[in-house]
Chemist: 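Just passing along the structure, written as structure tokens.
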Amino acid sequence: MIQFANRLNDVKEYYFSIKLKEVRSLINEGKPIINLGIGSPDLDPPEDVVKALNNANIHGYQNYQGIPELRKAIAEFYNDHYDVSLKFENEILPLMGSKEGILHISMAYLNEGDEVLIPNPGYPTYTSVTKLVQARPVFYDLIEDNNWQPDFEAIENLDLSKVKIMWVNYPHMPTGSTPTEELFENIIAFGKKHQILIVNDNPYSFILNENPKSILSVKGAKDIAIELNSLSKTFNMAGWRVGMLIGNPKYLNNILKVKSNMDSGMFYGIQQGAIAALKLPDNWFEKTNNIYKNRRKIIWSICDKINCTYDTKGTGLFVWAKIPKGKTSNEITDELLYKYDVFITPGTVFGTKGEGYVRFSLCVKEEKIQEVLTRISKIK
Ligand SMILES: Cc1ncc(COP(=O)(O)O)c(C=O)c1O
């Protein structure tokens, strides 16, 4: 038998990859499963985006840094929506989804044994990629009483000498908590003080959020922070795989060294579609958010029925709900799956601090969510 690489010793198959196999087998048995687990937007991307893709007829390899028109469109978008000014020549690196950026950044900056600050709860990919590059995750707890913000005093009590990267993710997935200017300033000050590269992962700032923010809007942020962003959620383009890394060329150039050895540019038509998306007027966000607001209301009613509580100010594509005492997140999730044929995500997928919570996705049609409410009301 050929032994797999040591870097896989500690890495498990992605939770959804495993759980969705079970969900599919239940569907194959004839169960009418409604999937409120996954955050893949079900709504259509803007018409102009699809037109731009269809009109493109260049099929060759593309520039490793994306075509200049795409970088210019990203720079304009950042200027218009986040009040951040960027040089399109060297402060923007388009990515095939922001997820791949997590690996590229980690490969560019982490050696075996280096340490990485990761939010708990948080997006599981930060942890698995850290392990893939044989670095060590050091979790920092986010708790509801602190508005899901880092406790810097507690973090500074840790030995930070081996820490090279801190992942932050505001607006935060899964909790939906939003950043204040002060929070971003504190994160930047912390990164500077300890010489830790701050990476803000920012794919949710336009979903149910009145006040989109970039960490790069903080004065001096570009010295120590870079930011990932994505078209997946903002424009319902998750399958297109378009993301971006924003920041100082002193960081981006190292990351490009990795990326340019791994792919050969993004398909031209997709870049044209991305440009069309970035140029959409603001009513795009309103239209999409109105749909999510209606769905969220019904999810809140579902939560009420099963005695879960939630923050009505939460943002993003999910409702993060606190479950009643006496049950675990996995127990509630299994109860919903086996009793009501409804799949939701247990908070523990996002770390130990997710125990006591579950996550409902808003990426399902209103009628289906209503059907979940009806099922629960009938059987209860
Ligand atoms: C916090 C967070 N970061 C990054 C991603 C990846 O998004 P993309 O589609 O841009 O790779 C996701 C997707 O679910 C996410 O929730």
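Ligands are counted one by one from 1 in listed order, and the atoms in each one are counted from 1 as well.
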Chemist: What atoms of ligand 1 come closer than 4.0 angstrom to any heavy atom of Pro203?
Modeler: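 The list of qualifying atoms is 2 (C), 3 (N).
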Chemist: Among protein heavy atoms, which sits nearest to atom 14 (O) of ligand 1, and what does the distance come to when rounded to 0.1 Å?
Modeler: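 Sorting protein heavy atoms by distance from atom 14 (O) of ligand 1 puts Lys233 NZ, 2.8 Å first.
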Chemist: Could you tell me whether Asp201 and ligand 1 have an N or O pair separated by under 3.5 Å?
Modeler: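 Yes, there is a polar N/O contact under 3.5 Å.
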Chemist: Note the single closest protein heavy atom to atom 7 (O) of ligand 1, along with its residue, its atom name and the distance in Å.
Modeler: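 The answer is Ser98 OG, 3.3 Å.
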Chemist: Indicate, as side chain, backbone, both or neither, the part of Asn169 found under 4.0 angstrom from ligand 1 when only non-hydrogen atoms are considered.
Modeler: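 Contact part for Asn169 vs ligand 1: side chain (C-beta onward).
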Chemist: I'd like the name of whichever of Tyr170, Tyr123, Trp167, Tyr204 reaches closest to atom 16 (O) of ligand 1 through any heavy atom.
Modeler: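 Answer by nearest heavy atom: Tyr204.
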Chemist: Once you round to the nearest 0.5 Å, how far does CE of Met266 lie from CD of Gln62?
Modeler: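 So the CE of Met266 and the CD of Gln62 are separated by 10.0 Å.
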Chemist: Please report the interatomic distance CD1(Ile92) to CE(Met244), rounded to the nearest 0.5 Å.
Modeler: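 Going from CD1 on Ile92 over to CE on Met244, the span is 8.5 Å.
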Chemist: Would you mind finding which of His172, Arg241, Met244 brings a heavy atom closest to atom 11 (O) of ligand 1?
Modeler: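 Closest candidate by heavy-atom distance is Arg241.
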Chemist: For Tyr109, does the six-membered ring have the charged nitrogen or CZ of Lys164 within the cation-pi criterion, i.e. under 6.0 angstrom from the centroid and within 45° of the normal?
Modeler: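 The answer is no; the distance or angle limit is not met.
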Chemist: Under 4.5 Å between any side-chain heavy atoms of Ile105 and Ile165, yes or no?
Modeler: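 Ile105 reaches Ile165 side chain to side chain.
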Chemist: Tell me whether Arg136 is salt-bridged to Asp10, with the criterion being a basic N under 4.0 Å from an acidic carboxylate O.
Modeler: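 Salt bridge between Arg136 and Asp10, a charged N being under 4.0 Å from a carboxylate O: no.
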Chemist: So, are Lys279 and Glu76 salt-bridged, with charged N and O less than 4.0 Å apart?
Modeler: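 Salt bridge flag = yes for Glu76 with Lys279.
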Chemist: Which atoms of ligand 1 sit under 4.0 Å from any heavy atom of Ser230?
Modeler: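 Result: 8 (P), 10 (O).
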Chemist: Show which atoms of ligand 1 fall inside a sub-4.0 Å distance from at least one heavy-atom site of Gly97.
Modeler: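 With Gly97 as reference, the close atoms of ligand 1 come out as 10 (O), 11 (O).
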Chemist: Can you confirm whether the side chains of Glu156 and His194 place a donor and an acceptor under 3.5 Å from each other?
Modeler: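 Yes, because at least one side-chain N or O of Glu156 sits under 3.5 Å from a partner of the opposite role on His194.
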Chemist: Could you identify the single nearest non-hydrogen protein atom to atom 9 (O) of ligand 1 and state the distance to 0.1 Å?
Modeler: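 For atom 9 (O) of ligand 1, the nearest protein heavy atom is Ser232 OG, 2.6 Å.
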